[in-house]
4 protein chains.
Amino acid sequence: MPTAKSAEISVFKRRESEARSYCRGFDTVFTRASGSEMTDINGRDYIDFLAGCSSLNYGHNDADMKAALIEHISADGMAHALDLHTDTKAAFLDAFETHILEPRDMDHRVMFTGPTGANAVEAAMKIARKVTGRTNIIAFTNGFHGVTAGALAATGNNYHRGAAGVTLNGVTRMPYDNFIGSEIDTADYLDAMLTDRSSGVDAPAAIILETVQGEGGLNAASPEWLRQVADVAKRHGALLIVDDIQAGCGRCGTFFSFEDMGIVPDIVTLAKSISGFGLPMALMLVRPQHDVFGPAEHNGTFRGNTHAFVTAKVTIEKFWSDDTFQEGLGKKAEILTEALRNLVDLVPGARLKGRGLMLGVDVGCGHLAGEICARAFRKGLIIETSGSEGQVVKVLAPLTTPEQQFRKGLNILLDAARDVTQSTRFAAE
Amino acid sequence: MPTAKSAEISVFKRRESEARSYCRGFDTVFTRASGSEMTDINGRDYIDFLAGCSSLNYGHNDADMKAALIEHISADGMAHALDLHTDTKAAFLDAFETHILEPRDMDHRVMFTGPTGANAVEAAMKIARKVTGRTNIIAFTNGFHGVTAGALAATGNNYHRGAAGVTLNGVTRMPYDNFIGSEIDTADYLDAMLTDRSSGVDAPAAIILETVQGEGGLNAASPEWLRQVADVAKRHGALLIVDDIQAGCGRCGTFFSFEDMGIVPDIVTLAKSISGFGLPMALMLVRPQHDVFGPAEHNGTFRGNTHAFVTAKVTIEKFWSDDTFQEGLGKKAEILTEALRNLVDLVPGARLKGRGLMLGVDVGCGHLAGEICARAFRKGLIIETSGSEGQVVKVLAPLTTPEQQFRKGLNILLDAARDVTQSTRFAAE
Amino acid sequence: MPTAKSAEISVFKRRESEARSYCRGFDTVFTRASGSEMTDINGRDYIDFLAGCSSLNYGHNDADMKAALIEHISADGMAHALDLHTDTKAAFLDAFETHILEPRDMDHRVMFTGPTGANAVEAAMKIARKVTGRTNIIAFTNGFHGVTAGALAATGNNYHRGAAGVTLNGVTRMPYDNFIGSEIDTADYLDAMLTDRSSGVDAPAAIILETVQGEGGLNAASPEWLRQVADVAKRHGALLIVDDIQAGCGRCGTFFSFEDMGIVPDIVTLAKSISGFGLPMALMLVRPQHDVFGPAEHNGTFRGNTHAFVTAKVTIEKFWSDDTFQEGLGKKAEILTEALRNLVDLVPGARLKGRGLMLGVDVGCGHLAGEICARAFRKGLIIETSGSEGQVVKVLAPLTTPEQQFRKGLNILLDAARDVTQSTRFAAE
Amino acid sequence: MPTAKSAEISVFKRRESEARSYCRGFDTVFTRASGSEMTDINGRDYIDFLAGCSSLNYGHNDADMKAALIEHISADGMAHALDLHTDTKAAFLDAFETHILEPRDMDHRVMFTGPTGANAVEAAMKIARKVTGRTNIIAFTNGFHGVTAGALAATGNNYHRGAAGVTLNGVTRMPYDNFIGSEIDTADYLDAMLTDRSSGVDAPAAIILETVQGEGGLNAASPEWLRQVADVAKRHGALLIVDDIQAGCGRCGTFFSFEDMGIVPDIVTLAKSISGFGLPMALMLVRPQHDVFGPAEHNGTFRGNTHAFVTAKVTIEKFWSDDTFQEGLGKKAEILTEALRNLVDLVPGARLKGRGLMLGVDVGCGHLAGEICARAFRKGLIIETSGSEGQVVKVLAPLTTPEQQFRKGLNILLDAARDVTQSTRFAAE
């Protein structure tokens, strides 16, 4: 067990708001991190299978990003530039255009929003409403899009919704793929609701979805469902917004999570791993014909984080300028799948969830999942749960984790699960 | 005139959203900056009187912050840690407690929200609603609190409000100090509206205000008015939220803008210059008895920006651990006031606006103010307007600007104003 | 074809708002009515199968009600008494308690709301929110509950919703029984949405439904579905509101439409035929433990229409003090069903819809249904359509229509349908 | 003290909702009424100075209306006709056009809404939003416009607002004439709020007001203020809605309350006394260019109450076809004013409030006003309070009250006030 220095812990208790959360589960003080490893104040190392909730897809303190960032800072490169033109932003845009957008035939424009995912989502919802002149936005069960009032209306989690303090409006909730069992086609249901002129569902400005619901429990939509929903959106005059904040940036095995799905979203939101280094950055991609905001109509002070542009450019050139990195993801996904199948076998009724390297196991019970993660932490692995009841043990390892370390982390997870399920079994006997 | 490299400009036109704005007025590409000076791609230097809209109160790339940040990065210090405990966060909290909160007898807790001012405002509004069980929040004419849906309801500007796309609710608008002329006491009016049980203004959860309205045109509330409003809040069971995002961090001559005003806000929002280096960071201060969010009830991925903690700690220790810096601000404010009085003399009907180093001149017309800023830019000064019609030329110089450079910038501004008013006069003859 | 006096028609064109509607389809001027027959200004008689949209379940100008009302007026009985106690109201309440509530073991209290169905619905929604402290109300596809802003949020029809002019909020839409085909249990789906804590559907104050959706196209819920929904409401702490405005007062064969369904609503709304004479009257029944409004908390000038109490009392004593009337309804329903089966046979793909004497035929196309009604009108029958596309020919004959007249009306309808379908067939050949 | 029959009272306690209110203050059972007199079940007579809250401006059971209504009913005239054309409606419209609209040069169309004032207000707000494409509606402190969700947003009273259960939106509250003392011009303030583009008050669809606020405490706007507000509306592209539900139909000395004020509202709402007989009826007048609802876009079952048309036509022909009646109102207002001045003299600090025959006395304290009304009731006078604290004793006598009876009622009121103030004085000594 870690024995963190009491002085540090004490100031958190004294002065940090009760809203703090992850630090409660991982109750130590971290001091440095590199690659897929974090070190605490007692010198203890942890393998990181949380990766800043998918904000550190390329691991901690990547050497090339570090070098570029230090060079930028040393040379008095812009640290903050509002939304002025900078050479750094130009370089990022060039790289993003060349290696991400053009190869995927995407003509989207890039809007740098405030550097939180929620801010990008708010911008996306607003621009869709402006484009269509409609108010209603379709969001799905178990979707998570942020907790500012506009985004929160689209977020499913009732713990977060309950904190709104004001009637959330402008969003209609629909069942995600498989929400009501596999025999019911929820895309057909959505279509029926939008087609019936007395359904009570107003014509939507947009349909917003995650292709894999990260916070909602690693629910992965099928390609067929996504294509159907994209088609429903088109037929009903709604824009399709893919919130790729957690599932994007390689997490699902391709840069965008929707690449192999046969859909072209009108709007895409990115945040978390877009800077590559864990720095705050968010953006919205929007097709040129929908790029209708006036200057600063949606604004914010930090809508360009120059340091993040520096590291983001490195990630694109290092990982996405050829297929090497992406191909490696496939192999890693196999290793992960295999390991999690073993975990599934340990827990009666457990189910594998997710897609690509956004995979986890629904153990059927939030308490059990929490126990497994707590046990794993004591064994040196940082891993978290997701889902409406926290019932899914979720692996969000850095995509760059070396195979050996990856297997080591997975073994810790399996050990932890074994410990917990065995002790449970004893308790039940 | 700057002749920026066309390649850079071209990628912005091709790929950056039409929402970009400052770059339209300052149409060049910036490459580096130091202190109060920015340099563009053509090697041209500009004095910066915009300071990232008050996000760079300590100037660009402060040497001590640079050193600390480079050291942190070099040592593989955490770059991203969600809201986990880190030694860096502990060090910031310690410094903030020791040098900011304790000397001012503030028992507030610190909540790190998503790193945008709007996010801190949303958190503040939500927590006030949770504390009181009420929905309504009083906001003021010309207030600016951000553009996400919750914060936007509190923002006065109708250009931004018009982009909401959904009925904004939960906020009642009241006239700010002096909004209807000096003879009418708008705090009395507010009190009357809250006292009359048929006024149609629901009992408020909070009253949110800026002591000096930055975007709204440098309207500075009098201490008496602020005390009255604080008293109204208390008597009507509402929390007082001071949005100190633009006016705080020394901008008005003290760390918080409200220090000499005789009020103790229940909640304070800070962002912009809190990191000191221009890095995205925002926080909310809340009195312990109102610190009622559950864990992660208001959450977000970037609710701790470790790099920002590093630089923020430097700012506190360097500028706020004794009175030297603050005393210097007083002198600077005198220089500024004097210079702007000269500007006032150039324009019939012009008025000095603001307080401390958040000062400007209302020239009565957005077109004229815009012309002055454009002319100043051509002469090597970056300066912007504010106010509902953009009618206020607003000086937001770094607080650290050396006196000589400060005077130089002010002279450019006066020259620009002289040029513009003379040419206007000729045109009129 | 009727040739109404031009003077009368002219004043409508000159001075009545474009919002007028039924008069467009039945373009004559009516002067008197008795039983199930209406007479126009040219002396032409029409059989009435519209019955004031189920507001005239006992026909026009029932002799006993007439006598009672004239006696009341002649004796200077109260015409208007706000919500003061009157002997007339006491007599109505006594009769309603004795013949309606007590025999059905209903302990509900009676709240006289403003005399429109929408007003009763608004009161029901408000009281459910007050009882539970929750905001969200579940309403169903194709539900119709009125067009004032609160009720309109619960109404499905998008023509009416589109006129709101403000974001409608506080209501979540769910699929009614059979909305997505008979194989999917929409009550299970509702249960799943309320059970999943990340579904995005907030815990509901109430579930509001019609057992047969009159405006929505005569969709009749099955008893099993109603029981399931009632159970869902109970398990999730929501009140069950049955909007019996159109389906109640005998329309479905019993006084309340839900009598044989095995459910006890917490709240029931009644209007339309409750006065029996077509006079404006509405009320809300609420179980005593939920009778939580303070005095006048929901108020209105006409929340007691004394004339309506006079006639309402007659209807209860005349029709509902023993089983005779109700038994007759069963026979009439058989006649109606048989006739409409013949209509179904005339139109390929047509379907019988509804329950009791709230029956109709979905002919699959609003244009065809409209043609049938227009042809019927020319033949002396007043009948209307319903459904999201106006695709259902809806029979709402007075429940008191003598058998011969009822058959005569049905024959006109069949003739009209035959004419239209034949001419269509010719046209198609 | 009245000793009502216990049987009647008992059924109210057993079965009528707690929302009942007037009956609590006037705790007897009324059985008949004629002119300005009401009689209870014990045979006791009361002079009626409440007049159904201005719904009985022509008294109870006017002989001519009685005769016309009985004749109509006897002849099987339509009792209910949805919004079909009837000879009765045509006759009403003709009379209304000839004697009300044309002489006042009003080209307005008549929309028969659901028969409650709130319904007419909801229709007015919706149509104004449709005409302008804007959402926001300006309403005033102490305004009362009904309690359905749309109208309630415009109503000031916080007891009623508190029952909404949902965030009320789409309305901005402004101070009524004299709300903040006579030295401040609240119309100028309104203008400033609409002119400043950062005031946070969205461009309004409409401004809704009562020229005398009945429920709000008999606040009478000055003609100058009304003209200014009408001008503000025009300049800012908003429709002017005069809610004349309580102040109209002769109450202020002319048919419409705004006749001598120099304004032409775009929309007028009428209810209460429009039928003349106390029967539920409401309508909205709208200028032809704003008559933009589609057929039934705002609908409702009882949007024509044929019985009310019968009596309404009598009122117009009897009272408004020449100037006799109106001239008499002037004299009555003098009598009333004089009597209330005496009442004012009885209570230190009391003030005369209102206009025309909508007059009362603000006695400064709800308890005192309530005591006076209770004492008056015991002496045989029915009279109520209004105002945010119930501090105004409000005289709403039938306009047709014979002079002698009028003086008798006023004397009872003065006696009651004298009793109460004396006993208070004794108590204080």
Side-chain angles (χ1 to χ4, degrees), chain A residues 129 134-136 138-145 152-162 164 166-176 179-181 183-186 188-203 213 215-217 219 366 386-391, chain C residues 129 134-136 138-145 152-162 164 166-176 179-181 183-186 188-203 213 215-217 219 366 386-391:
Chain A
R129 284 167 171 151
R134 301 171 177 178
T135 294
N136 188 29
I138 304 291
F140 291 95
T141 50
N142 287 288
F144 188 92
H145 304 285
L152 186 51
T155 288
N157 190 287
N158 74 355
Y159 177 59
H160 294 106
R161 293 176 66 80
V166 70
T167 308
L168 296 169
N169 60 22
V171 167
T172 300
R173 190 73 37 183
M174 288 288 158
Y176 194 71
F179 180 77
I180 19 176
E183 74 280 10
I184 295 164
D185 188 329
T186 60
D188 276 355
Y189 168 57
L190 171 63
D191 194 16
M193 288 295 263
L194 296 183
T195 301
D196 189 312
R197 297 200 293 189
S198 284
S199 71
V201 176
D202 301 321
Q213 298 183 316
E215 296 306 298
N219 311 304
S386 84
S388 58
E389 311 286 334
Q391 74 278 28
Chain C
R129 284 166 171 152
R134 300 171 176 178
T135 294
N136 188 29
I138 304 291
F140 292 95
T141 50
N142 286 288
F144 188 92
H145 304 285
L152 185 53
T155 288
N157 189 287
N158 73 356
Y159 177 58
H160 294 107
R161 293 177 66 81
V166 70
T167 309
L168 297 169
N169 59 23
V171 168
T172 299
R173 190 73 39 185
M174 289 288 157
Y176 195 71
F179 179 77
I180 18 177
E183 75 279 9
I184 295 165
D185 188 329
T186 60
D188 276 354
Y189 168 58
L190 170 62
D191 194 15
M193 288 295 261
L194 297 183
T195 302
D196 189 312
R197 298 201 292 187
S198 283
S199 71
V201 176
D202 301 322
Q213 298 183 315
E215 298 306 298
N219 312 304
S386 83
S388 57
E389 312 286 334
Q391 76 278 30

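Naming convention: chains lettered A, B, ... in sequence-line order (proteins, then strands); numbering from 1 in each chain.
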Is any side-chain heavy atom of R173(C) closer than 4.5 Å to one of M193(A)? yes
Please state whether the side chain, the backbone, both or neither of F179(C) comes within less than 4.5 Å of a heavy atom of chain A. side chain
Heavy-atom closest contact (G170(C) atom, T167(A) atom, distance):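 In this case the closest contact between G170(C) and T167(A) is N-CG2, 4.1 Å.
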Between S198(C) and N157(A), which heavy-atom pair has the shortest distance, and what is it?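 Looks like OG-ND2, 3.2 Å.
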To the nearest 0.5 Å, how far apart are OG1 in T135(C) and CG in L168(A)?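 It is 9.5 Å, given to the nearest 0.5 Å.
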Identify which of N169(C), D188(C), N136(C) forms the greatest number of heavy-atom pairs closer than 4.5 Å to chain A.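 Heavy-atom pairs under 4.5 Å are most numerous for N169(C).
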Options T155(C), V171(C), T141(C), N142(C), ranked by heavy-atom pairs under 4.5 Å with chain A, top entry: N142(C)
Chain C contact via T172(A) - which portion, at a heavy-atom distance below 4.5 Å: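 For T172(A), there is no contact with chain C at all, as no heavy atom is under 4.5 Å.
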Interface moiety of R197(A) toward chain C, non-hydrogen atoms closer than 4.5 Å: both
Result of checking T186(C), I184(C), I180(C) against Y189(A) for side chain to side chain contact (heavy atoms under 4.5 Å, CB included):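 Among T186(C), I184(C), I180(C), the one meeting side chain to side chain contact (heavy atoms under 4.5 Å, CB included) with Y189(A) is I180(C).
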